[in-house]
Amino acid sequence: MNRDLKTLVSQMTLDEKAGMCSGLDFWHLKSVDRLGIPNVMVSDGPHGLRKQDEKADHLGINESIKAVCFPAGCLSACSFDRELLHTLGDAIGKEAQANDVSVVLGPAVNIKRSPLCGRNFEYYSEDPYLAGETAAAFINGVQEHHVGTSIKHFAANSQEFNRMSASSNADERTLRELYLPAFETAVQKSQPYTVMCSYNRLNGTYASEHPWLLTDVLRREWGFEGYVMSDWGAVNDRVSGLKAGLELEMPASGGATDEEIVRAVQDGTLDEKVLDQAVERILRIVFTWLDNREEQEFTLEQDHALARHIAAESMVLLKNEENILPLNETEKIAFIGEFAAKPRFQGGGSSHINCFRVDSILDEVKNNASITYAKGFFADKDVYDEALAEEAIEAARAADKAVLFLGLPDSFESEGYDRSHMRLPGCQNRLVEQILKVQKNVVVVLHNGSPVELPWMDNVKGILEAYLGGQAAGGAIADILFGNVNPSGKLAETFPYRLEDNPSWLCFGDPKEVDYREGIYVGYRYYDAKNMSVAFPFGYGLSYTTFAYSNLRLSADKASEKDTVTVSVDVTNTGSRFGREIVQLYVSDRTGAARRPIRELKGYEKVSLEPGETKTVTMSVDYRSLAWYCTAIHDWYAASGEYEIAIGASSRDIRLSTVLTFENSRVLPLNVTRNTTIGELLTNPRTASYMKEWRQKMLAVFAAPEGTEGAEETSTSSEAISDEMNDAMMLSMPLRNLVVFGTCSHAEVDKLIEELQNL
């Protein structure tokens, strides 16, 4: 239906327009009945609907409707599967239509700067490319049903401690290369109906009233067309927020901020056109949903089966020595740990789903007489119970293999606060060590929303990272352990050995000013640059089969800024069973034009292969794939030169590589001053040849005088002064020192600067 929204807005009173810019209550927008504007509902939902009608709250304290809990973002991102995330979004879009929900509050794409962030279980990755591609696929799936999404939390929301007031302080390059691209990709590939601003300040200004963030970047640069809503309680100054580009405040303010908007219009401090535009943007989304209502059933059982499939496709096999997995149902197996009976499958806070059904792995194997169960420890607390431990040890001793179900209690990670360490409960680690004394065939299954330290990892034979797998996680774990599904997930984040290895260790969790001192070196970008050993690298995951990579080729060996180069590689299943491999494309900048990570993910595809089958995987590389963000020009820039195109099974397992030669017709602007160094000019393609003569002149100045050989002091001085030292001193010398060392006059330096500037 075509609606004249401008006319509709013109028919609204000032009070009605101001009222549209804040919620009716916790979950509904206001209505204007006389104009046919309904009150519509929004609901939490990055991995399932948390619809509340009565006793509403934001943190999951009060009960919501019975629904399906799909795998959390920490797990689904490990699928590296756009089609799978689209299917997940499609299911949630249908569920929203079936339950009269107009906007789903998700996905959450903040970068995992530190393993300690209490909300990491909702977030996708430490890598912005993976997070953006994953989010775009999910959003497209949801919005095919004209249900909106609200991508969050915009931006640089990387800790929970003091999240409503702390300032995330990062330079523009760090923001552009790490903390903004996932949002940018989602906006440009899927146009989410809404964007949710974060609680925190960004470089001192609240995200809810940040015009550069909400208007300059989001709308003018990226072309966002929907409306911006606040996180619940994120508004600091309502009128400033409206001016900056925040259309909707949530939840209800009791009319207080509506009155502020009215007064601002009346006293002239707010242009009513700004308010009109905000209301029009909100109404466009409201009517997009209203005019495209679908008849949908709430297919709980069907979606439960989908949740199991998504979990099984995403879980990551981290270790499988001596092919201890898959398990054989004829073996005597001990299942140990309360998580086997009571799985931890979701995080705490606003995304907490009231599940209509939860499957444990014990439910799946209850008819298998060869499996015994011992509780071993309490899932919700860190207490070593001697009786429970002894029962578990004896069960392990009597078995052929022991599978330990370990994880973090709900209280260890949740929205609202951050973890203080990266350890599993001490009682669990102690039990593992005791069981290893009586049983060498040990497999560990992890239930956690973020990386944990694994002090026993070298001594167990198998590790399955199940993360928070949703309400059907028990069945998905059984599918993998017993080989009904071949694991194909890969880590969307690095597992360091220790918390102290993380690049943000010394600057995470500050109460007011959170300085992102590690800059662009987050996650694998840091670990790989330092060549630091990690427990498990980004992009890593095992399979029950094996894959070989061959025949890497580019559609062109040379490219310019307007070209897109196709990258092709053949992948063969060299094992004996069906499997799926995630092929990853990394780019390394060899030009030396800027300090950059060793390699960065710029493409991935998931390929399905029967035993012996070979398929060609194709990806593409364009200008943005090669570029870094240059703050001198406030734009993306790729220097001319060579770039390595690498194909890997993880960031640390590069199988094939080749070189792409890139030629950029655009050159960075020259800004030559008296303090520009000779070295800078020699490395700039525009000035290098021009400066060769000056380099020789300066080297001559530093050369040792002739005819001084034979004197002992001169000999000692000659040994102290090397050609390398002279060259280094000369390269770091500013142009003004050409005068000091007698090479030229002040006037000649000024003339040289003018000539260089005009090249």
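Owing to the predicted nature of the structure, the values given are computational and were not obtained by experimental measurement. Computed from heavy atoms alone, side chains included, the values below leave out hydrogens, waters and symmetry copies.
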- May I have the step-by-step check of ring-ring contact (aromatic ring centres under 6.0 Å, His included) for F154 and F183, ending in yes or no? CA-CA 8 Å; F154 193 55; F183 294 96; 4.8 Å; yes

- Message: Determine whether N157 and Y199 satisfy the following criterion, side chain to side chain donor-acceptor pair (under 3.5 Å), listing intermediate values before the conclusion.
- Response: CA-CA 7 Å; N157 187 136; Y199 287 116; over 6 Å; no

- Message: If you apply the rule side chain to side chain donor-acceptor pair (under 3.5 Å), what do you find for H153 with R119, and how did you get there?
- Response: CA-CA 11 Å; H153 308 88; R119 211 165 179 178; 3.3 Å; yes

- Message: Checking D258 against K30 for the salt bridge (charged side-chain N to carboxylate O under 4.0 Å, His left out) test, could you report, in this order, the C-alpha distance in whole Å, the side-chain angles of both residues, the deciding distance, and whether it holds?
- Response: CA-CA 12 Å; D258 300 348; K30 294 189 183 76; 3.2 Å; yes

- Item | ring-ring contact (aromatic ring centres under 6.0 Å, His included) between H421 and F412, intermediate numbers included | CA-CA 9 Å; H421 59 78; F412 273 45; 5.8 Å; yes

- Would you sort out whether S102 and Y193 count as a side-chain contact (heavy atoms from CB on, under 4.5 Å), showing the intermediate values? CA-CA 10 Å; S102 69; Y193 287 5; over 6 Å; no

- Before giving the answer on side chain to side chain donor-acceptor pair (under 3.5 Å), spell out for S198 and N200 the whole-Å C-alpha distance, their side-chain angles and the decisive distance to 0.1 Å. CA-CA 6 Å; S198 54; N200 54 283; 2.8 Å; yes

- Message: One pair to check against ring-ring contact (aromatic ring centres under 6.0 Å, His included): Y417 and F161. What are the steps and the verdict?
- Response: CA-CA 5 Å; Y417 57 88; F161 177 53; over 10 Å; no

- Task: Go through N162 and S165 one step at a time and tell me if the side chain to side chain donor-acceptor pair (under 3.5 Å) criterion holds.
- Result: CA-CA 6 Å; N162 277 5; S165 58; 4.5 Å; no

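Counting only heavy atoms from C-beta outward, the side chains of W27 and W232 approach each other to under 4.5 Å. Two residues are said to be in side-chain contact when any heavy atoms from C-beta on lie closer than 4.5 Å; S314 and Y467 fail this criterion. You'll find the side chain of L85 reaches within 4.5 Å of the side chain of Y124, heavy atoms only. With contacts defined as side-chain heavy-atom distances shorter than 4.5 Å, the pair I65/N99 qualifies. Inter-residue side-chain proximity for R419 and P115 is flagged as met; some heavy-atom pair is nearer than 4.5 Å. Side-chain atoms of W456 and I463, non-hydrogen and from C-beta on, do get closer than 4.5 Å to each other. Looking only at side-chain heavy atoms (C-beta outward), Y123 and C117 come within less than 4.5 Å of each other. The shortest side-chain heavy-atom distance between V104 and V147 falls under the 4.5 Å cut-off.
Salt-bridge formation is detected for the pair R308/D479: a Lys NZ or Arg NE/NH1/NH2 atom is positioned less than 4.0 Å from an Asp or Glu carboxylate oxygen. Ionic pairing of K51 and D44 is not present here: no N-O contact between side-chain nitrogen and carboxylate oxygen is shorter than 4.0 angstrom. Remark: K94 does not engage E294 in a salt bridge, criterion side-chain N to carboxylate O under 4.0 Å. Looking at K112 and E493, a side-chain N of the basic residue comes within less than 4.0 Å of a carboxylate O on the acidic one, giving a salt bridge.
A distance of 11.0 Å separates CE in M41 from CG in L29, rounded to the nearest 0.5 Å. The structure places CD1 of I336 at 9.5 Å from CZ of F377, a figure rounded to the nearest 0.5 Å. Remark: D382 CG to C427 SG distance equals 4.5 Å, nearest 0.5 Å. Note: L318 CG to E465 CD = 6.0 Å, rounded to the nearest 0.5 Å.
Looking at Q159, its side chain does come within 3.5 Å of a backbone N or O of G509 through a donor-acceptor pair. Counting only distance, with no hydrogens or angles, the side chain of D81 and the backbone of E83 share a donor-acceptor pair below 3.5 Å. Looking only at distances, no side-chain donor or acceptor of S208 sits under 3.5 Å from a matching main-chain atom of G241. Checked by atom type and distance alone, the side chain of K319 never pairs as donor or acceptor with a backbone atom of L464 at under 3.5 Å. At least one donor-acceptor pair under 3.5 Å links the side chain of E209 to the backbone N or O of D237. Of the possible polar contacts, one joining the Q346 side chain to the I353 backbone as a donor-acceptor pair under 3.5 Å is found. Q471 contributes no side-chain N or O that, together with a main-chain N or O of D359, makes up a donor-acceptor pair within less than 3.5 Å. Side chain of S150 to main chain of G106: no donor-acceptor pair is present (N/O by atom type, distance under 3.5 Å, no hydrogens or angles). When atom types are taken as modelled, the side chain of E413 and the backbone of G347 share no donor-acceptor pair closer than 3.5 angstrom. N354 places a side-chain N or O within donor-acceptor distance of the main-chain N or O of S64, the cut-off being under 3.5 Å.
Among all heavy-atom pairs drawn from G118 and F121, the shortest one is O-CE2, 3.3 Å. G449 and C74 make their closest contact through O-CB, 3.7 Å (heavy atoms, listed as atom of the first residue, atom of the second, distance). Scanning all heavy atoms of the two residues, the minimum distance from A136 to A186 falls at CB-CA, 4.3 Å. Considering every non-hydrogen atom in both T87 and L306, the closest pair reads CG2-CD1, 3.8 Å. In this structure, Y516 and A156 approach most closely via the heavy-atom pair OH-O, 3.2 Å. What you find for P107 and T149 is that their closest heavy atoms are CD-CB, 4.5 Å.
Each salt bridge (charged side-chain N to carboxylate O under 4.0 Å, His left out) pair with one or both residues in residues 131-151, not counting sequence neighbours, appears once here: R82-E133, E133-K189.
Contacts of T257 classified as side chain to side chain contact (heavy atoms under 4.5 Å, CB included), with partners at least two apart in sequence or in another chain: S22, R238, E249, S253, E260. For the salt bridge (charged side-chain N to carboxylate O under 4.0 Å, His left out) test, residues two or more places apart in sequence or in another chain that qualify with E160 are R163. Here S504 pairs with R113, S114, N502, F508, E518 under the side chain to side chain contact (heavy atoms under 4.5 Å, CB included) rule; sequence neighbours left out. With sequence neighbours excluded, the residues that form a side chain to side chain contact (heavy atoms under 4.5 Å, CB included) with D501 are P496, Y497, R498, Y527, M532. In this structure, the side chain to side chain contact (heavy atoms under 4.5 Å, CB included) partners of P38, at least two apart in sequence or on a different chain, are V40, V286, F287, L290.
By the 6.0 Å and 45° rule, R344 does not stack over the aromatic ring of F339.
Other residues, nucleotides and ligands contribute only 12 or fewer heavy atoms inside 6.0 Å of the CD atom of E297. More than 12 heavy-atom neighbours from other residues, nucleotides or ligands sit within 6.0 angstrom of NZ on K66.
Of the N and O atoms on the side chains of K606 and S79, not one donor lies less than 3.5 Å from an acceptor on the other residue. Side-chain atoms of Q143 and S190 include no donor-acceptor pair closer than 3.5 Å.
The aromatic rings of H447 and F405 sit tilted relative to each other, their planes meeting at an angle between 30° and 60°.
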